[in-house]
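Shown next, in structure tokens, is the structure this report addresses.
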Amino acid sequence: MTAADRITLYYSPQSRATGARVLLEELGAPYDLHVLNMKAGEQRKDAYLAINPLGKVPALRHGDALVTEQVAVTIYLADLFPQAGLTPALNDPRRGPYLRWIAYYGSSFEPAVIDHFMKRAPAPVTQSPYADYDTMLGALEAQLARGPYLFGDQITSADILWGIALSWTMMFGIVPKRDVFVRFAERITSRPAFQKITAADQEMAAAHAAAAGV
């Protein structure tokens, strides 16, 4: 990969972009940060809305490719660096389940936990994208119980995505601290990449709060 192919990650600390940055570290990928102070509302300004009209992070630019959406970013980065061993190959029998559980995060887990957090009544089970909250969590728990990772002994980028998500949602009481979830999240958050980015995020978040007068 040449210098021109370096990845630019549009980033704000302690956000969904944290998982993308942790994954970049795990992959050993060359990247630069384009930092947005979300406490100052920089994600809602025209310059960034031209990158992502939703005003959300993460987003990344790689050459002529612009990638948004956390699920797409996870798949794209892991496929871009297959030598890191965090993505099953196309002919690997784990590839289908790998894509299933990454998609499950965006299509089922995220809407379910947001509805739960906001105390919104879910749609009828026949219309809901996630059936119901308890069923959604039960399916995830059953998969993780096979351990130590989603697909056995080998970690993938899906584990990075899920481990960080469960750590955050359990911290804020949105997801219950079931033993399977706690042990799985600890496997991911104890890794050096997560520890490194967490420390960096704390410093950056404090600087953003001070700059925004929060």
Derivation of the side chain to side chain contact (heavy atoms under 4.5 Å, CB included) call for Gln43 and Val57: CA-CA 8 Å; Gln43 78 279 15; Val57 292; 5.7 Å; no
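- Contact detail for Ala200 and Arg21: the closest heavy-atom pair is CB-NH1, 4.1 Å.
- Side chains of Phe109 and Met136 form a contact here, defined as non-hydrogen atoms less than 4.5 Å apart.
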Under 3.5 Å, which donor-acceptor pairs link side chains of residues 114-125 to any protein atom two or more places apart or in another chain?
unit_1	atom_1	unit_2	atom_2	d
Asp115	OD1	Arg120	NE	3.0
Asp115	OD1	Arg120	NH2	2.9
Asp115	OD2	Tyr130	OH	2.8

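- When every heavy atom of Met204 is checked against every heavy atom of Pro13, the shortest pair comes out as SD-CD, 3.6 Å.
- Under the salt bridge (Lys or Arg N to Asp or Glu O under 4.0 Å) criterion, no residue pair touches residues 52-61, with sequence neighbours excluded.
- Asn52 is linked by a side-chain hydrogen bond (donor to acceptor under 3.5 Å, both in side chains) to nothing, counting only residues two or more places apart in sequence or in another chain.
- The cluster map of Ile, Leu, Val, Met, Phe, Trp and Tyr, joined by side-chain heavy atoms under 4.5 Å apart, puts Leu150 and Phe194 in the same cluster.
- Taking CD1 of Ile164 as the start and CD1 of Ile197 as the end, the distance is 9.5 Å to the nearest 0.5 Å.
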For a side chain to side chain contact (heavy atoms under 4.5 Å, CB included) check, start with the C-alpha distance between Ile188 and Tyr149, then their side-chain angles and the critical distance, and finish with the verdict. CA-CA 9 Å; Ile188 304 305; Tyr149 299 109; 4.1 Å; yes
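- The side chain to side chain donor-acceptor pair (under 3.5 Å) pairs that include a residue from residues 173-192 are Glu26-Arg191, Glu141-Arg178, where partners are two or more places apart or lie in different chains.
- To the nearest 0.5 Å, the span separating CG on Leu66 from CG on Leu60 amounts to 7.5 Å.
- Side-chain contact between Ile102 and Ser157 is present, with heavy atoms from C-beta onward closer than 4.5 Å.
- Pairs of residues two or more places apart, or lying in two chains, that qualify as side chain to side chain donor-acceptor pair (under 3.5 Å) and include a residue from residues 196-214 are Tyr11-Asp201, Thr18-Asp201, Glu25-Lys196.
- No donor-acceptor pair closer than 3.5 Å links the side chain of Thr169 to the backbone N or O of Val175.
- The shortest distance between side-chain heavy atoms of Pro58 and Leu9 falls below 4.5 Å.
- When hydrophobic clusters are built by joining Ile, Leu, Val, Met, Phe, Trp and Tyr residues whose side-chain heavy atoms come closer than 4.5 Å, directly or via intermediates, Tyr48 is not grouped with Val67.
- In the hydrophobic clustering of this structure, Val71 groups with Leu99; members are Ile, Leu, Val, Met, Phe, Trp, Tyr whose side-chain heavy atoms approach within less than 4.5 Å, directly or through other members.
- Within the 4.5 Å cutoff, the side chain of Phe151 has no heavy atoms near those of the Pro88 side chain.
- Taken from CD1 in Ile51 to CG in Leu36, the straight-line distance is 9.5 Å, to the nearest 0.5 Å.
- Contact between Leu137 and Pro176 at its shortest, heavy atoms only, is CD1-CD, 3.7 Å.
- The shortest distance between side-chain heavy atoms of Arg44 and Met38 does not fall below 4.5 Å.
- In this pair, Phe172 and Trp168 present their aromatic rings parallel. The plane angle is below 30°, not in the 30 to 60° band.
- Side chains of Phe181 and Leu140 form a contact here, defined as non-hydrogen atoms less than 4.5 Å apart.
- Atom NE2 in His34 sits 11.0 Å away from atom OG in Ser12 (nearest 0.5 Å).
- The salt bridge (Lys or Arg N to Asp or Glu O under 4.0 Å) analysis of residues 143-160, with sequence neighbours excluded, yields no pairs.
- Its side chain outside the 4.5 Å cluster rule for every partner, Leu90 clusters with none of the Ile, Leu, Val, Met, Phe, Trp and Tyr residues.
- Residues passing the side chain to side chain contact (heavy atoms under 4.5 Å, CB included) test with Thr135, sequence neighbours excluded: Ala131, Asp132.
- Residues passing the side-chain hydrogen bond (donor to acceptor under 3.5 Å, both in side chains) test with Asp79, sequence neighbours excluded: Thr87, Arg95.
- Annotation: side chain to side chain contact (heavy atoms under 4.5 Å, CB included) contacts of Ala29 (sequence neighbours excluded): Ile7, Leu24, Leu27, Phe81.
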Using the salt bridge (charged side-chain N to carboxylate O under 4.0 Å, His left out) rule, take Arg16 and Glu69 through it: C-alpha gap first, then chi angles, then the decisive distance, then the call. CA-CA 10 Å; Arg16 287 176 176 82; Glu69 310 311 314; over 6 Å; no
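- Under the 3.5 Å distance criterion, with hydrogens and angles disregarded, no donor-acceptor pair is assigned to the side chains of Thr68 and Tyr10.
- No hydrogens or angles considered: a donor-acceptor pair under 3.5 Å links the side chains of His62 and Tyr76.
- Smallest separation of non-hydrogen atoms from Gly85 and Gln154: O-NE2, 3.5 Å.
- Aromatic pair Tyr105/Trp162: centroids less than 6.0 angstrom apart.
- Every residue two or more places apart in sequence or in another chain was checked for a side-chain hydrogen bond (donor to acceptor under 3.5 Å, both in side chains) with Thr74, and none qualifies.
- With hydrophobic clusters built from ILVMFWY side chains whose heavy atoms lie under 4.5 angstrom apart, Leu54 does not share a cluster with Leu49.
- Inter-residue side-chain proximity for Thr156 and Arg94 is flagged as met; some heavy-atom pair is nearer than 4.5 Å.
- Every residue was checked against the side-chain hydrogen bond (donor to acceptor under 3.5 Å, both in side chains) condition with Arg100, not counting sequence neighbours, and none meets it.
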